[in-house]
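The block underneath contains the structure these notes are about, expressed in structure tokens.
Because the structure is predicted, anything quoted here is derived from the model rather than measured. Both counts, for ligands and for their atoms, begin at 1 and track the order of listing.
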Amino acid sequence: MSSVATITPRADRAAEALAAAGADALLVSDLINLRYLTGFVGTNGLAVIAPEWRTFATDFRYVSQAAEQVDPAFERQELPRDLVSAVEGLVPPGQLRLGFESSLPFRIYERLRSALPDRIELVPVDGLIEAMRAVKEPHEAERMQAAAALADAALGEVLGNGLIGRTEQEVALELEFEMRRLGAERPSFEPVVAAGAHGALPHASPRAVTIERGQMVVIDWGAQLDGYCSDCTRTIAAGPVGAREQEIYALVLEAQLAGLDATRAGTACADVDAAGRDVIAAAGHGEHFGHGVGHGVGLDIHEEPRLTQTSESTLEAGNAVTIEPGVYLPGDFGVRIEDLVIVTTDGREILTSMSKELTVV
Ligand code: ZN
Ligand code: ZN
């Protein structure tokens with residue numbers, strides 16, 4: 001758990017940013033934002049932040065957990081399980097503009113609007129906490145480093161048992177088991193283990209299909225540790241592979257290194273995307289790389305900033321992002337190589353330690 005000393009300033013910073021966002025107070029309903037701001041790890045909670053105002057509410061199931069986890073700067077309340085019905089009790093007195101997050105479901109928004117008195121005007125506040133989360137504090141970067149190291153070790157164990165003759169599902173299950181055995185709370189997401197043509201689907205789910213000699217196997221996995229996610233992809237050769245597979249692998253690696261090279265504070269996210277994408281396009285495979293070159297990672301597996309062609313963000317020191325170009329040849333095979341990095345003022349620190357040479361298992 002984060003210590004109070006590290007969490008309290010986050011709520012202060014959020015409160016300071018409210019005026020510029022056009023709100024007097026913020027209703028925090030997104031559970032990851034709630035964890036980030038208060039320390040609470042549960043499935044039902046709300047907080048309201050304003051200058052000089054911190055309230056938190058959960059229902060009876062989480063009251064004692066909240067007493068342990070929630071930053072004492074927040075005044076805690078127990079509300080009925082349907083928290084929305086009693087939000088007014090969390091909000092400062094008087095006329096005010098109450099910001100709500102864009103992740104708030106529309107039906108909840110509508111219920112809030114009818115439940116709240118006229119003195120409270122609901123205004124959208126988009127991405128305020130997400131922008132704070134995108135810049136990692138040093139202790140957050142350390143946790144992500146530990147999560148990445150754990151995930152690397154887990155894949156090392158799994159590859160030691162071979163790939164050929166096992167199903168994608170067996171390999172994925174063993175990978176999850178190893179991550180948990182090594183201390184992960186859970187996988188960051190359901191691991192991708194995709195052999196041969198299945199690897200040409202960027203988000204393939206593992207199948208009960210046996211991995212065969214000569215196939216390329218895309219493995220995308222991550223561990224969650226102390227709430228923080230890691231994310232990595234390696235494409236492994238199940239036995240010796242053909243010249244085409246090796247050629248595409250070398251191309252993706254070149255694109256990945258170009259993307260890494262472009263990663264530094266002050267660079268437009270779209271330019272990092274372009275650095276990787278241009279290498280692939282120049283080799284005639286532009287149409288075989290359909291996703292962005294990377295994304296932010298933290299308490300959530302996909303967060304800000306997004307490294308895409310259309311991104312308008314600029315990298316900042318402290319961003320934790322993936323660099324993960326791929327080439328996907330429909331009906332044939334796919335290759336993706338992904339590292340997790342922390343952006344620094346003069347470059348980047350790579351958290352993933354696994355080799356990027358084509359590994360034959
Ligand atoms: Zn990934
Ligand atoms: Zn990723």
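Shown here is Arg113, whose CZ atom has no more than 12 heavy atoms of other residues, nucleotides or ligands within 6.0 Å.
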Please determine whether salt bridge (Lys or Arg N to Asp or Glu O under 4.0 Å) holds for the pair Arg61 and Glu78, giving the CA-CA distance in whole Å, both sets of side-chain angles, and the decisive distance to 0.1 Å. CA-CA 10 Å; Arg61 294 171 299 165; Glu78 180 185 336; over 6 Å; no

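Note on residues 155-164: pairs passing side chain to side chain donor-acceptor pair (under 3.5 Å), not counting sequence neighbours, are Asn161-Glu174. Residue pairs satisfying the salt bridge (charged side-chain N to carboxylate O under 4.0 Å, His left out) criterion with at least one member in residues 289-311, sequence neighbours excluded, are listed as follows: Arg133-Glu303, Lys136-Glu303, Glu304-Arg306. Pairs of residues two or more places apart, or lying in two chains, never qualify as ring pair (Phe, Tyr, Trp, His ring centres under 6.0 Å) while including a residue from residues 160-193.
Distances shorter than 2.8 Å separate the Zn ion (ligand 1) from the protein N/O/S atoms Asp220 OD1, Asp220 OD2, Asp231 OD1, Glu338 OE1.
At least one N/O/S atom of His295, whether from backbone or side chain, sits less than 2.8 Å from the Zn ion (ligand 2).
A ring-centre distance under 6.0 Å is found for Phe40 and Tyr62.
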